[in-house]
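Every number for a ligand or one of its atoms is a count from 1 in the order of the listing.
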Amino acid sequence: MANGSVVVVGGTVGLGRELAQAYADESREVVVTGRDQGRADAAAKEIGGSVRGIGFDLAAPHTIAAALADVGPVDHLVLAAIERDTNKVQEYDIESALRLVTLKLVGYTEVIHTLLPRLGESSSILIFGGLARDRPYPGSTTVTTVNGGVTSMVRTLVIELAPRRVNALHPAIVGDSPQWVDMPDERRKALVDRTPIGRLVTMAEVVGACRFLLENQAINGINLSVDGGWMCT
Ligand SMILES: NC(=O)c1ccc[n+]([C@@H]2O[C@H](COP(=O)([O-])OP(=O)(O)OC[C@H]3O[C@@H](n4cnc5c(N)ncnc54)[C@H](OP(=O)(O)O)[C@@H]3O)[C@@H](O)[C@H]2O)c1
């Protein structure tokens with residue numbers, strides 16, 4: 001029987017918010033976070049139920065412990081936040097790269113460190129990576145690298161945090177997510193043509209995969225691609 005909350009870091013919009021909504025709809029206590037307290041409060045209100053918002057910047061990891069000080073016991077911790085960094089090496093933007101690397105690798109880890117005493121033995125952690133890990137594109141060096149880092153983090157965290165479970169989810173482009181819903185038709189068609197299921201994966205399918213990784217007590221140390229078979233092509 002669940003007695004802790006579901007914390008979704010990066011839960012104010014996009015995939016994190018969709019997952020937060022699913023748990024809120026089942027009357028779970030949920031915390032959603034984003035960079036800004038006002039936006040986090042507004043997202044929590046829109047989601048409804050027992051949801052509250054917290055604002056903090058993952059790229060400022062020293063501030064994280066104070067921001068999460070009054071979060072109680074946690075059953076599921078989801079790390080979904082992203083600041084996208086399309087950053088070609090030829091025109092390298094150091095600040096942008098530093099923010100993404102800090103956010104995903106140090107910020108995520110500091111959230112886990114902070115909440116660890118509140119994560120019981122049967123709790124679980126889910127970290128978002130992405131398929132830029134395996135399918136780079138010009139400008140993806142930082143994104144590809146941090147997603148590779150997520151893959152490795154899962155392995156170390158499984159060992160360090162046992163018996164708590166840790167998994168990662170690596171989506172392909174999620175066609176109906178806010179980030180991609182308005183992409184040009186030509187680009188969408190090119191992606192669909194390379195996806196064996198003949199369409200892009202959906203937010204609902206990502207939520208289903210997240211819940212499998214979070215809730216199935218045997219699933220641990222998995223880096224799961226959710227890509228409609230894209231990696232087979
Ligand atoms: N969407 C896709 O198709 C796709 C594909 C592959 C991988 N992914 C991965 O899936 C995850 C979710 O993606 P998404 O598209 O749903 O993201 P999104 O819609 O861009 O939402 C990003 C979330 O992260 C928060 N955030 C951004 N920067 C932050 C910071 N510095 N500190 C704290 N919070 C911060 C945002 O909050 P505020 O804006 O309120 O500050 C928001 O809640 C990401 O890790 C992404 O890499 C997504």
| Among the heavy atoms of P178, does any lie under 4.0 Å from an atom of ligand 1? | no
| said: Just to confirm my output: which protein heavy-atom neighbour is closest to atom 11 (C) of ligand 1, and how far is it? | reply: A80 O, 3.1 Å
| remark: Heavy-atom proximity to atom 18 (P) of ligand 1 ranks first, among V13, V8, L79, for V13
| field | Sole residue of L213, L77, V9, L79 in side chain to side chain contact (heavy atoms under 4.5 Å, CB included) with I127 | value | L79
| said: What I want to check is whether the side chains of N223 and H170 have a donor and an acceptor closer together than 3.5 Å. | reply: yes
| request: Could you note down all residue pairs passing ring pair (Phe, Tyr, Trp, His ring centres under 6.0 Å) where residues 73-131 supplies at least one of them, sequence neighbours left out? | output: Y23-H76
| Hey, is ligand 1 close enough to L15 that some N/O pair sits below 3.5 Å? | yes
| Is V174 close to ligand 1, meaning an N/O of one under 3.5 Å from an N/O of the other? | yes
| query | Which of these, L103, V146, I82, V9, has its nearest heavy atom closest to atom 22 (C) of ligand 1? | reply | I82
| request: Can you figure out which of H170, R35, M203 has its heavy atom closest to atom 30 (C) of ligand 1? | output: R35
| With only distance considered, is D36 within less than 3.5 Å of ligand 1 through an N or O on each side? | no
| message | Between I82 and L100, is there a side-chain heavy-atom distance shorter than 4.5 Å? | response | yes
| note | Honestly, for R84 the part within reach of ligand 1 (heavy atoms, under 4.0 Å) is side chain
| said: Testing the 3.5 Å rule here: is there a donor-acceptor pair between the side chains of T151 and R133? | reply: yes
| field | Shortest reach to atom 45 (O) of ligand 1 by a heavy atom, considering only R99, R39, M183, K104 | value | K104
| request: For ligand 1, note which part of A81 has a heavy atom under 4.0 Å away: side chain, backbone, both or neither. | output: both
| said: Show me which atoms of ligand 1 lie under 4.0 Å from any heavy atom of F56. | reply: 32 (N), 33 (C)
| message | Heavy-atom pairs closer than 4.0 Å: do any link ligand 1 to the side chain of A43, the backbone, both, or neither? | response | neither
| note | When distances are taken from atom 5 (C) of ligand 1, the protein heavy atom at minimum range is A172 O, 3.4 Å
| note | One finds that the ligand 1 atoms under 4.0 Å from a non-hydrogen atom of G11 are 43 (O)
| field | Residues which pass side-chain hydrogen bond (donor to acceptor under 3.5 Å, both in side chains) with D25, listed by chain and number, not counting sequence neighbours | value | Q21
| task | Mark up the atoms of ligand 1 that fall under 4.0 Å of a heavy atom belonging to W180, in ascending order. | result | 1 (N), 2 (C), 3 (O)
| task | Check whether any side-chain heavy atom of N167 lies under 4.5 Å from a side-chain heavy atom of I125, and answer yes or no. | result | no
| field | D227 CG to R194 CZ distance, which is reported to the nearest 0.5 Å | value | 11.0 Å
| said: For the residue pair S96 / D85, report whether a side-chain donor-acceptor contact shorter than 3.5 Å exists. | reply: yes
| message | Using a 4.0 Å cutoff against the non-hydrogen atoms of T12, which atoms of ligand 1 qualify? | response | 36 (C), 37 (O), 38 (P), 40 (O), 42 (C), 43 (O)
| said: Just to confirm my output: which protein heavy-atom neighbour is closest to atom 32 (N) of ligand 1, and how far is it? | reply: L58 N, 2.9 Å
| Taking both backbone and side-chain atoms of I173, is any N or O found less than 3.5 Å from an N or O belonging to ligand 1? | no
